[in-house]
Amino acid sequence: MSVPAVDRTALPVRCSGTPVGEVGLSVTPPRLADVTTTSSATSVDAVLEGPRPRLLLVDGHSLAYRAFFALPAENFSTSTGQVTNAVYGFTSMLINLLRDEAPTHVGVAFDVSKRTFRTEEYPEYKAGRSATPTEFTGQVDLVKEVLAALRIAVVTKEGYEADDVIATLTGAARAQGAEVLVVTGDRDAFQLVDEATTVLYPRKGVSDLARMTPEAVEEKYGVRPERYGDLAALVGETSDNLPGVPGVGPKTAAKWLTAHGDLQGLVAGVGSLTGKAGQSLRDHLDQVLRNKRLNAPVRDLELPVVVDDLAVRPWDREEVHRVFDGLEFRVLRDRLFATLSADEPEVDGGFAVSAERPAGSDAAAWIAAHAAPGGPASGVAVLGRWSGGSGDAWGLALAGADGATAWFDLRELSPDAEAALAAWLADADAPKVLHDAKPALHALAERGTPLAGLVADTALAAYLCQPDQRSYDLADLAVRFLQRELKVDEDAAGAGEQQGVLDLDGDAAGPDEGQLACVRAAAALELSAVLAEQVEQRGGTQLLGELELPLVPLLAQMEADGIAVDTAALERLEGEFAEVVADAAEEAYAAIGGQKINLGSPKQLQVVLFEQLGMPKTKRTKTGWTTDAEALADLNVRQPHPFLDHLLRHRDASRLRQTVEGLLKAVADDGRIHTTFQQTIAATGRLSSTDPNLQNIPIRTAEGRRIREAFVVGRDAEVLLTADYSQIEMRIMAHLSGDEGLIEAFRSGEDLHRFVGARVFGVEPADVTGEMRAKIKAMSYGLAYGLSAFGLSRQLTIPVDEARGLMDDYFARFGGVRDYLRGVVEEARATGFTETVLGRRRYLPDLTSDNRQRREIAERMALNAPIQGSAADVIKLAMLGVERALREQDLRSRLLLQVHDELVVDVAPGEREAVEALLREQMGARVQERTQLSVPLDVSVGAGASWHEAGH
DNA sequence: ACGCCCACGTA
DNA sequence: CGTACGTGGGCGTC
């Protein structure tokens with residue numbers, strides 16, 4: 001499993017220097033020179049290697065105090081009565097910061113005592129504050145415990161405030177070229193802001209941080225950050241008990257400072273100031289200069305740490321568990337591990353494998369001894385390949401529950417050994433665990449030794465636990481869940497001197513593929529236990545065992561079957577599309593004076609469109625202006641030009657030709673296309689299709705549909721059937737929201753958009769015009785994606801107000817939908833995940849992000865995931881039902897494709913009626929029964945000699 | 001050779 | 001400033 005990018009940057013390299021233990025007690029306080037230069041080798045390495053360092057500095061007391069007042073104490077206390085609201089809020093904020101800001105270095109500064117050089121000069125400093133509540137004081141130590149467990153350095157300096165520590169470290173880090181983020185509720189820190197130093201200032205609560213960049217400071221206070229201290233000296237700071245100049249507010253102060261450059265200049269020119277404010281300043285000059293001395297952070301403290309000591313380190317996992325258990329922070333701990341668990345766990349050696357090579361009759365004996373049917377599951381790893389409809393397996397490793405491993409080279413297996421192995425593989429009572437079983441099923445089936453008795457697939461289990469991962473590599477899972485490298489444990493007794501292990505490369509030192517396969521089998525077996533527990537904790541055991549796992553052999557079968565194509569038809573299409581491409585290109589060139597640019601290059605197109613033809617600029621992309629179809633069509637209205645027509649025609653035709661070419665390349669020797677269905681890619685639970693993708697074959701345009709005509713009924717089949725759900729996502733939304741109106745719409749059998757349109761526009765269904773219906777349709781579907789009024793207005797090209805009115809009217813009639821959409825996000829924010837009808841979860845840690853864009857993206861995902869994911873649950877259930885019904889009725893028809901809400905079936909001769917009936921029955925009532933959906937599932941079925949004809 | 005961007009196909 | 005995917009060409013980088 002690859003680690004998400006954000007985690008990688010969050011906790012990158014282990015610093016090669018001596019680990020710093022108790023930072024606060026560091027023996028030799030480095031001199032200032034150590035702080036500001038990169039004198040030690042470690043420092044230089046840490047700074048020069050890898051991405052630009054990002055130092056996160058937190059004012060611990062300030063943030064915890066904020067949290068204390070932001071979160072109601074009565075909601076946060078342990079069973080022993082310890083109040084934890086400040087610890088909770090602080091930790092929550094810290095987790096978000098680590099995730100969102102991905103710092104490479106982190107330090108938390110605390111004030112040590114009330115006595116500082118500031119109180120020496122001005123005893124009233126920070127006086128007049130109400131006494132710190134006792135419920136808070138105790139929590140500071142708990143915060144420090146959390147930090148210790150996370151191995152985040154706590155930095156303090158006797159006689160100084162946290163801000164001084166932060167200012168000093170900021171200066172040192174900036175001198176080393178690092179970016180700095182300061183998190184504090186003390187505005188004096190704004191003085192530190194520069195182009196690479198940002199202050200995150202809590203606005204309200206524990207999740208709303210203002211990002212104070214130089215621009216933000218200037219916009220808010222009218223002066224650059226370096227002048228903020230001057231401004232504060234003039235205006236005063238209530239919380240520090242520093243009075244300002246009476247009659248002088250931020251506006252006047254900023255005006256003066258701008259006019260005189262800085263406070264020094266202002267003092268020099270104080271005589272020339274006019275008016276009451278000027279006199280007031282002259283009267284309070286001493287006070288202002290004192291304020292300035294007191295509010296200036298000390299930037300050159302001698303500290304017990306240097307910046308490199310703050311490098312992010314792997315946390316102490318046991319300690320994290322201990323501390324979080326004590327605080328009873330269950331959700332927070334899950335969030336911590338879910339979002340930031342890419343630290344480097346202490347990885348032990350590899351797997352001790354015996355890697356025996358039982359041959360002849362010993363094979364059966366080994367199996368009986370270590371992997372007997374009816375016993376505990378064995379790990380299986382297959383070496384082989386499968387793609388595009390053919391493949392082979394040449395090696396097989398088994399790992400028994402007793403720890404023994406064996407390796408079978410399938411190329412040189414004796415007949416009796418092969419028979420024993422094949423019997424065991426095919427024995428459904430011999431339970432097997434694989435990692436990513438589907439390719440192995442293919443490879444073994446190709447060899448004529450099919451596998452049954454699959455009881456666990458560790459890739460699927462990991463997918464259900466963390467569906468947003470991109471891949472689920474066995475080696476990554478081993479490190480993550482077993483804290484072990486996927487390798488042979490060389491230290492294990494006898495591992496290096498296995499009898500009979502051939503080294504195919506002649507490399508005596510390294511383990512051979514047989515040993516490595518044994519490692520994979522052993523790892524899969526061990527992992528399956530750990531992951532089963534993880535899945536269980538997430539309530540996914542049934543989903544895994546009764547849906548995803550049984551789907552594996554079915555998908556394998558569908559892939560192996562493939563769908564027949566009319567190759568000749570595809571070739572004719574390719575030729576036709578190629579002609580259009582050539583013709584359109586010619587005419588396009590002619591329209592721009594014969595320039596033969598590359599029409600497929602957005603960059604060259606931009607030169608022609610915006611520079612040569614002087615077209616108005618379109619929407620921006622990251623690298624220029626868009627030349628997408630919508631923009632070109634729009635340009636053609638505003639400034640018609642033949643080039644645009646030919647370009648669009650060229651685009652369309654070349655895309656179609658490209659699609660056809662791809663399909664032709666994918667046709668296997670059997671005249672069929674064998675896609676691969678990916679079961680662990682889509683975070684919502686959908687399948688995806690690759691090599692080639694058969695889930696995005698054109699259907700919307702007439703030309704595109706001609707490609708569908710080339711997908712045809714198989715040679716031994718009678719007809720293709722397609723069965724699809726109508727409006728499944730809207731039905732799911734009706735069910736999940738429980739909205740009476742929407743449920744009624746589906747039960748009434750009326751056309752959905754007409755029904756909804758009638759309600760929204762307040763007319764009879766018969767009076768809903770086509771235009772009204774189109775608007776309703778766009779809005780209804782948009783809602784399931786988190787569409788905004790702005791987005792709706794843009795899509796329908798109507799004013800935003802009208803779009804907003806439309807949505808308001810919709811929600812007025814279908815209030816349950818509004819309540820649901822609101823509730824689903826709030827619940828997900830509280831629990832950390834969304835859930836489908838079958839309990840499939842999607843974790844969305846960004847719902848509590850301080851970063852508005854990330855948070856809003858996560859909110860839209862939270863809206864959509866239960867809907868899209870439940871629809872995925874539904875059709876997966878239907879697939880299993882259809883397959884079972886086909887088998888039970890001894891039908892030979894084959895399920896071939898799934899396209900999210902559609903199934904395609906090759907129907908064997910004479911089975912058409914039966915298959916159509918079972919499709920309707922299984923996809924409809926049976927699934928509704930299993931999911932307890934409150935709306936009926938409408939299935940429409942079509943038949944034909946091609947996918948096009950069978951479609952509706 | 002690899003990765004990113006753009007554009008665009010599906011549900 | 002609407003979710004979920006996969007593919008292919010262009011183009012910059014190594």
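In the text below, chain A, chain B and the rest are named by the order of the sequence lines, each starting its count at 1.
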Closest to the [X] side chain: [options]?
X: A:Lys603; options: C:dT3, C:dC11, B:dA7; result: C:dC11
X: A:Arg842; options: B:dC5, C:dG6, C:dA4; result: C:dA4
X: A:Ser601; options: C:dC11, B:dC8, C:dT3; result: C:dC11
X: A:Thr684; options: B:dA7, C:dA4, B:dG9; result: C:dA4
X: A:Asn864; options: B:dT10, C:dA4, B:dC6; result: C:dA4
X: A:Ser688; options: B:dA7, C:dC5, C:dC11; result: C:dC5

Any salt bridge between [X] and [Y], counting N to O under 4.0 Å?
X: A:Asp906; Y: A:Arg672; result: yes
X: A:Asp468; Y: A:Arg842; result: yes
X: A:Asp846; Y: A:Arg99; result: yes
X: A:Glu826; Y: A:Arg822; result: no
X: A:Glu703; Y: A:Arg649; result: no

So [X], base contact, sugar-phosphate only, or nothing? Heavy-atom distance under 4.0 Å.
X: A:Ile867; value: nothing
X: A:Gly782; value: base
X: A:Gln658; value: sugar-phosphate
X: A:Arg686; value: base
X: A:Ser689; value: sugar-phosphate
X: A:Ile681; value: sugar-phosphate
X: A:Ala683; value: sugar-phosphate
X: A:Ala871; value: nothing
X: A:Leu687; value: nothing

Once hydrogens and angles are ignored, does a donor-acceptor distance under 3.5 Å link the base of [N] to the side chain of [X]?
X: A:Asn693; N: C:dG6; value: no
X: A:Gln795; N: C:dG2; value: yes
X: A:Arg651; N: B:dA7; value: no

Kindly say if A:Thr659 contacts the phosphate of C:dT7, meaning a side-chain N or O under 4.0 Å from OP1 or OP2.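 For A:Thr659, the contact criterion (side-chain N or O under 4.0 Å from OP1 or OP2 of C:dT7) is not met.
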Give a yes/no on whether any side-chain N or O of A:Arg860 is located under 4.0 angstrom from OP1 or OP2 of C:dA4. no
